[in-house]
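Quick note: numbers below take in every heavy atom, side chains included, and nothing from hydrogens, waters or symmetry partners. Here the structure is a predicted model, which means the values were calculated and not measured.
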Amino acid sequence: MTESFRRSGEYENPQGHGQHADFPLQSAAPEQQASASPVNPEWPPPPIYQPQPQAPSNSGKRARGPMALLAAVAIVAAAIGGGTAYGIQELTGTSTAASSSTTSATNVVAASQKGTVAGVAKAVSPSIVEINASSNAGESTGSGVIITQGGEIITNNHVVADASSVKVTTSTGKSYKARVIGTDSKKDLALIKLVNASGLKAATLGNSGNVQVGEQVVAIGSPEGLTGTVTSGIVSALDRDVTVATGDGQQQQQGGPGGGGDWPFEFGGQQFNGDPGSSTTTYKAIQTDASLNPGNSGGALIDMNGNIIGINSAMYSAAQSSSDAGSVGLGFAIPINTVKSDLSTLRAGGSGS
């Protein structure tokens with residue numbers, strides 16, 4: 001056992017010689033050392049150490065440690081992408097606030113146009129298509145959202161139900177034949193696939209679970225066959241119970257040349273755009289006042305970061321014919337989280353009716 005003893009009066013001044021030789025106070029100046037109280041001559045004072053300037057390499061060595069390592073990893077993660085950065089946040093217990101929208105931290109819009117309708121339109125329009133479907137019951141014109149570079153497209157079931165042929169036109173005007181991969185009439189969703197397509201721009205699917213009432217949104221679709229039409233508005237309400245026809249065996253004319261009417265639906269015990277019939281399904285919808293018209297069905301509802309938060313599916317029109325139709329600010333979209341949870345089912349052929 002070792003101990004240190006101090007005689008009375010020794011090492012009283014912390015700025016003088018009251019410091020053990022192994023732990024010199026490098027900040028003490030020579031003048032301060034000289035003015036310190038004398039000590040017993042039997043105990044010689046420790047040598048005076050002048051502060052030494054640190055070489056640049058020493059500062060680098062000081063940074064080595066857990067925090068420095070995490071900082072280095074975080075820089076690499078930022079260069080690689082958001083997924084890796086998220087892993088770092090989980091490990092360190094930190095979080096990153098979402099940018100201009102609460103729906104997702106992913107920002108698809110260019111920084112110079114962040115938070116603008118023009119920026120959203122420029123970023124997302126290449127991922128929105130016009131769909132023309134033909135069946136024994138008639139023709140339908142709707143919209144769709146590209147979700148893979150190889151040409152997988154999400155749309156409404158009522159746009160392509162019972163279709164014998166499907167043609168898709170992209171924002172560049174290029175046309176493709178498409179085949180129906182799977183349908184889910186209970187959720188009014190369908191997945192189609194373009195034939196011999198590659199290198200398409202896939203949309204970024206957001207998180208509809210974080211959507212808030214009053215949030216600004218953009219809608220892109222092909223109302224009345226007008227490809228790539230952009231409108232904007234806000235989220236008016238959430239979790240609306242909307243009842244629509246399953247689409248099977250019914251004539252569907254969603255606008256465009258020869259289009260005859262709007263897609264009928266029920267809400268709050270009332271019927272809109274006609275009688276949806278006896279075969280119906282009900283889902284929770286996002287309500288928006290963004291202008292929607294016949295042909296917007298299957299198109300995108302987008303947050304201001306450019307993330308898809310819903311698939312537009314029903315809109316109210318007070319008119320009895322498409323020639324008199326016009327948006328009255330009452331539209332509904334299927335939440336994108338519902339779409340994401342249904343993708344595996346649609347890719348496997350769907351749930352049928």
Do Leu194 and Leu200 have side-chain heavy atoms sitting under 4.5 Å apart?
-> yes
Value rounded to 0.5 Å, distance of CD1 in Ile147 from CD1 in Ile154 | 4.5 Å
Measure the spacing between NZ of Lys186 and CG of Asn157 and express it to the nearest 0.5 Å.
-> 10.5 Å
For residues Thr169 and Val129, determine if any side-chain heavy atom of one lies less than 4.5 Å from a side-chain heavy atom of the other.
-> no
Partner of Ser297 under side chain to side chain contact (heavy atoms under 4.5 Å, CB included), picked from Asn156, Asp188, Leu292, is Asn156
Hey, could you give me the CD1/CG distance between Ile220 and Leu301, rounded to the nearest 0.5 Å?
-> 10.0 Å
Partners of Asp342 by side-chain contact (heavy atoms from CB on, under 4.5 Å), sequence neighbours excluded?
-> Asp184, Lys187, Leu189, Thr345, Leu346
Let me see the working for Met304 and Val120 under side-chain contact (heavy atoms from CB on, under 4.5 Å), right down to the final yes or no.
-> CA-CA 6 Å; Met304 298 309 292; Val120 173; 4.1 Å; yes
Just jot down the side-chain contact (heavy atoms from CB on, under 4.5 Å) partners of Gln113, sequence neighbours excluded, or say none.
-> Val109, Thr116, Ala118, Lys122
Are Tyr283 and Ser313 linked by a side-chain donor-acceptor pair shorter than 3.5 Å?
-> yes
Quick one: side-chain contact (heavy atoms from CB on, under 4.5 Å) partners of Ser164, sequence neighbours excluded?
-> Ser134
Would you confirm whether Lys201, through its side chain, and Ala123, through its main-chain N or O, come within 3.5 Å as a donor-acceptor pair?
-> yes
So CD1 of Ile181 and CG of Leu343: to nearest 0.5 Å the spacing works out to 12.5 Å
Given the rule in the side-chain contact (heavy atoms from CB on, under 4.5 Å) test, do Leu238 and Ile286 qualify, once you have shown the distances and angles that lead to the verdict?
-> CA-CA 5 Å; Leu238 299 171; Ile286 299 171; 4.2 Å; yes
To the nearest 0.5 angstrom, please state how far the CG atom of Leu330 sits from the CE atom of Met315.
-> 10.0 Å
Quick one: do the Thr231 and Ser291 side chains pair a donor with an acceptor below 3.5 Å?
-> no
Does a side chain donor of either Asn132 or Glu130 reach within less than 3.5 Å of an acceptor in the other side chain?
-> yes
What's the verdict on side-chain contact (heavy atoms from CB on, under 4.5 Å) for Val242 and Thr282, showing C-alpha distance, side-chain angles and the deciding distance?
-> CA-CA 5 Å; Val242 176; Thr282 301; 5.9 Å; no
Rounded to the nearest 0.5 Å, the CD atom of Gln216 sits from the OG atom of Ser232 at a distance of 6.0 Å
Will you find, in the side chains of Asn136 and Asp162, an N or O donor that is under 3.5 Å from an N or O acceptor?
-> no
Measure from the side-chain N and O atoms of Asn337 to the backbone N and O of Ser208, and report whether any donor-acceptor pair falls under 3.5 Å.
-> yes
State which residues pass salt bridge (charged side-chain N to carboxylate O under 4.0 Å, His left out) with Lys284; sequence neighbours excluded, sorted by chain then number.
-> Asp241
Is there side-chain contact between Val168 and Ile153, with at least one heavy-atom pair below 4.5 Å?
-> yes
How would you list, by chain and number, every residue that makes a side-chain contact (heavy atoms from CB on, under 4.5 Å) with Ala110, sequence neighbours excluded?
-> Ser112
For Arg347, enumerate each residue passing the salt bridge (charged side-chain N to carboxylate O under 4.0 Å, His left out) test, keeping only those at least two apart in sequence or located in another chain.
-> Glu152
Given Asn107 and Lys114, is the side-chain contact (heavy atoms from CB on, under 4.5 Å) satisfied, shown in steps?
-> CA-CA 8 Å; Asn107 194 358; Lys114 184 177 179 181; 3.4 Å; yes
Thr288 (side chain) donor-acceptor with Ala290 (main chain) under 3.5 angstrom | yes
Do the side chain of Ser143 and the main chain of Gly298 share a donor and acceptor less than 3.5 angstrom apart?
-> no
Do the side chain of Thr338 and the main chain of Ile334 share a donor and acceptor less than 3.5 angstrom apart?
-> no
Taking the side chain as every heavy atom from C-beta outward, state whether Asn307 and Leu205 have any atom pair closer than 4.5 Å.
-> no
